[in-house]
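Working notes for the structure below.
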Amino acid sequence: FSNWICRMKNRFSCLLLLLASLAGCASAPPTAVFPSPEERASALDAALEYRQTLVGMSGNELARERSELAARNADPEAQMRLALLHLLPRQGNVELARPLALLESVLKSSRPGALALQPLARLLVEQLNERQRLEGALDRQAQQLKESLKKVQELQEKIDRLAEIERSLPQRPALPAAGSAR
């Protein structure tokens with residue numbers, strides 16, 4: 001009977017080992033297919049060329065392009081293009097949150113098209129974060145300047161009031177010189 005128990009333990013151990021190894025295989029993440037340097041260079045060149053074509057577009061063309069790209073928002077290339085479109089300087093006061101979100105989406109994607117664009121997306125995210133930091137510092141300095149100008153104006157008003165008070169005081173008679181008194 002003890003012999004039978006040992007065999008069952010061995011079989012049970014083997015079964016557990018087999019199940020554990022199968023579970024390990026099932027949970028292994030799929031390996032990402034990294035683009036070749038040529039594919040990466042081609043994707044980066046295409047993104048930079050697209051940026052150049054945006055510069056020559058009219059306002060209507062840009063609006064049409066924005067709506068077309070928004071329809072393909074799940075595509076990493078479209079996300080990159082839409083981020084580049086949002087970053088155009090002539091778009092007025094550029095809101096950085098939208099392009100940052102699009103670029104972060106490209107960085108998180110494991111699709112082959114996204115992998116090729118990730119170096120450019122990473123660079124743009126770094127630049128946009130720095131730009132946000134500098135804009136925050138500029139806003140703080142503008143606020144400090146505004147407060148300083150207000151204080152200067154208040155001090156100038158005090159000086160003007162003191163000068164007015166001094167002018168309104170009656171003139172004092174001149175004191176006789178010390179050497180002329182006899």
Report yes if the side chains of [X] and [Y] come closer than 4.5 Å at any heavy-atom pair, otherwise no.
X	Y	answer
Val55	Arg51	yes
Leu102	Met80	no
Leu85	Leu82	yes
Arg64	Glu61	yes
Leu84	Leu124	yes

Without swapping roles, check the side chain of Thr53 against the backbone of Tyr50 for a donor-acceptor pair under 3.5 Å.
yes
Using atom types as modelled and distance alone, determine if a side-chain donor or acceptor of Gln118 lies under 3.5 Å from a backbone N or O of Ser109.
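At least one qualifying donor-acceptor pair exists.
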Return the set of residues passing side-chain contact (heavy atoms from CB on, under 4.5 Å) with Leu48 (not counting sequence neighbours), or none when no residue passes.
none
Interatomic spacing from [atom1] in [X] to [atom2] in [Y] - rounded to 0.5 Å:
X	Y	atom1	atom2	result
Arg111	Glu77	CZ	CD	10.5 Å
Glu49	Gln52	CD	CD	9.0 Å
Gln79	Leu107	CD	CG	10.5 Å
Leu100	Ser105	CG	OG	12.0 Å
Ser148	Gln143	OG	CD	10.0 Å
Gln141	Leu134	CD	CG	10.0 Å

Grab the two heavy atoms, one from [X] and one from [Y], that are nearest each other, plus how far apart they are.
X	Y	value
Val106	Ala121	CG1-CB, 4.0 Å
Pro76	Gly113	CB-C, 4.4 Å
Pro99	Leu128	CB-CD1, 4.3 Å

Pairs of donor and acceptor atoms involving the side chains of residues 156-168, under 3.5 Å and at least two apart or interchain, shall be tabulated with distances.
from   : atom 1 : to     : atom 2 : distance (Å)
Gln156 : NE2    : Asp160 : OD1    : 3.0
Glu164 : OE1    : Arg167 : NH2    : 3.1
Ser168 : OG     : Glu164 : O      : 3.4
Ser168 : OG     : Ile165 : O      : 2.8

Run the numbers on Leu96 and Leu87 for side chain to side chain contact (heavy atoms under 4.5 Å, CB included), then give the verdict.
CA-CA 8 Å; Leu96 300 180; Leu87 290 172; 4.2 Å; yes
Pairing residues for Arg72 by the salt bridge (charged side-chain N to carboxylate O under 4.0 Å, His left out) criterion, not counting sequence neighbours
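Arg72: salt bridge (charged side-chain N to carboxylate O under 4.0 Å, His left out) contacts with Asp75.
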For [Y], is there an ion pair with [X] - N to carboxylate O distance below 4.0 angstrom?
X	Y	answer
Glu126	Arg122	no
Arg133	Glu130	yes
Glu135	Arg131	yes

